[in-house]
Amino acid sequence: MKTAVIIPAAGVGRRYGAALPKQFSVLAGDPILLHTLRIFQASGAVDSIVIALSELHRSRVQQMLNAHHLTKVAALVTGGAERQDSVRRALENEATAEADIVLVHDAVRPCITTDFVEAIIEAAAVHGAAIPGLPLKETVKEVDAGGKVQATPPRAGLRSIQTPQGFRREILKQAYEQAPADALVFTDDAAVVEKAGFNVQVVDGLESNIKITTPADRWLAERFLQGTA
Ligand code: C5P
């Protein structure tokens, strides 16, 4: 069974004047993207990696690959306007064509382990589509544009979803082929697969696997990466 990993890393940071996008900022001594890539490079279950990036950052990533012997990175593709466009382009690259399983993992989630990655690959092989999720600690409310509460969905039936998300390649490919290119914004790949009518299985998420978004996330992620949290 062959596994390819797609890393969408083409976000450019939306705030005017923002420094480098998050995936290139340094945490615990190395760029976040490098921490993320090292895990997939280290897993014996991963065969190839495709990174979607902005052309603005191609030479930066190429230098990173050369300096750190990330030999599994088979292609660097140009990302698109939305995350889903970046994933679509990576999926169309021939480096994923041989794979039975495709994982998609956000560049900005470096606090994972090879065991965790391999559990998702196995679950994807069994279920066709498998995604990690954690129960919610807080109550979630649906609100209108003015902040007025519209509904309180029962918490027990909700999960906070992470990446890597794993799919049999044929399922992910078919789902992306069916998905309208511009009409809808999907916030994860499972949503594309659900929309195409496939079942998606939630498996255990990993507490450390935070998506680095805020300064507080950086603080915590640095401690996870240093093994002090
Ligand atoms: O900003 P967002 O939450 O969508 O970012 C999640 C991941 O998707 C990040 O690693 C980011 O670099 C990537 N992304 C991408 N192409 C885009 C937007 C985001 O690859 N057009």
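Order of listing sets the numbers, starting from 1, for every ligand and every atom in it.
Proximity to Glu82 (heavy-atom distance under 4.0 Å) selects the following atoms of ligand 1: 17 (C), 21 (N). Within ligand 1, the atoms closer than 4.0 Å to a non-hydrogen atom of Ala107 are 10 (O), numbered from 1 in the order shown. Short contacts between ligand 1 and Ala81, defined as distances under 4.0 Å to a heavy atom of the residue, involve ligand atoms 21 (N). Annotation for ligand 1: atoms under 4.0 Å from non-hydrogen atoms of Gln23 are 12 (O). Listed by atom number, the atoms of ligand 1 under 4.0 Å from Pro8 heavy atoms are 7 (C), 8 (O), 9 (C), 10 (O), 11 (C), 12 (O), 13 (C), 20 (O). Close approach of ligand 1 to Ser86 is summarised as follows: ligand atoms under 4.0 Å from at least one heavy atom of the residue are 15 (C), 16 (N), 17 (C), 20 (O), 21 (N).
Of the N and O atoms on the side chains of Asp217 and Thr214, at least one donor lies less than 3.5 Å from an acceptor on the other residue. No hydrogens or angles considered: a donor-acceptor pair under 3.5 Å links the side chains of Lys141 and Thr152. Residues Arg83 and Thr187 have side chains that never bring a donor and an acceptor to within less than 3.5 angstrom of each other.
Counting non-hydrogen atoms of neighbouring residues, nucleotides and ligands closer than 6.0 angstrom, the CD atom of Gln178 exceeds 12 such neighbours. In the displayed structure, Asn199 atom CG is contacted under 6.0 Å by at most 12 heavy atoms of other residues, nucleotides or ligands.
With contacts defined as side-chain heavy-atom distances shorter than 4.5 Å, the pair Ile120/Pro132 qualifies.
Taking any N or O of Gly80, backbone or side chain, at least one lies under 3.5 Å from an N or O belonging to ligand 1.
Nearest to atom 7 (C) of ligand 1 by heavy-atom distance, out of Asp106, Leu33, Val87, is Asp106.
For Ala9, the heavy-atom gap to ligand 1 drops under 4.0 angstrom. Close to ligand 1: Lys211, with a non-hydrogen atom less than 4.0 angstrom away.
Note that CD1 of Ile49 is 5.5 Å distant from CD of Gln41, once rounded to the nearest 0.5 Å.
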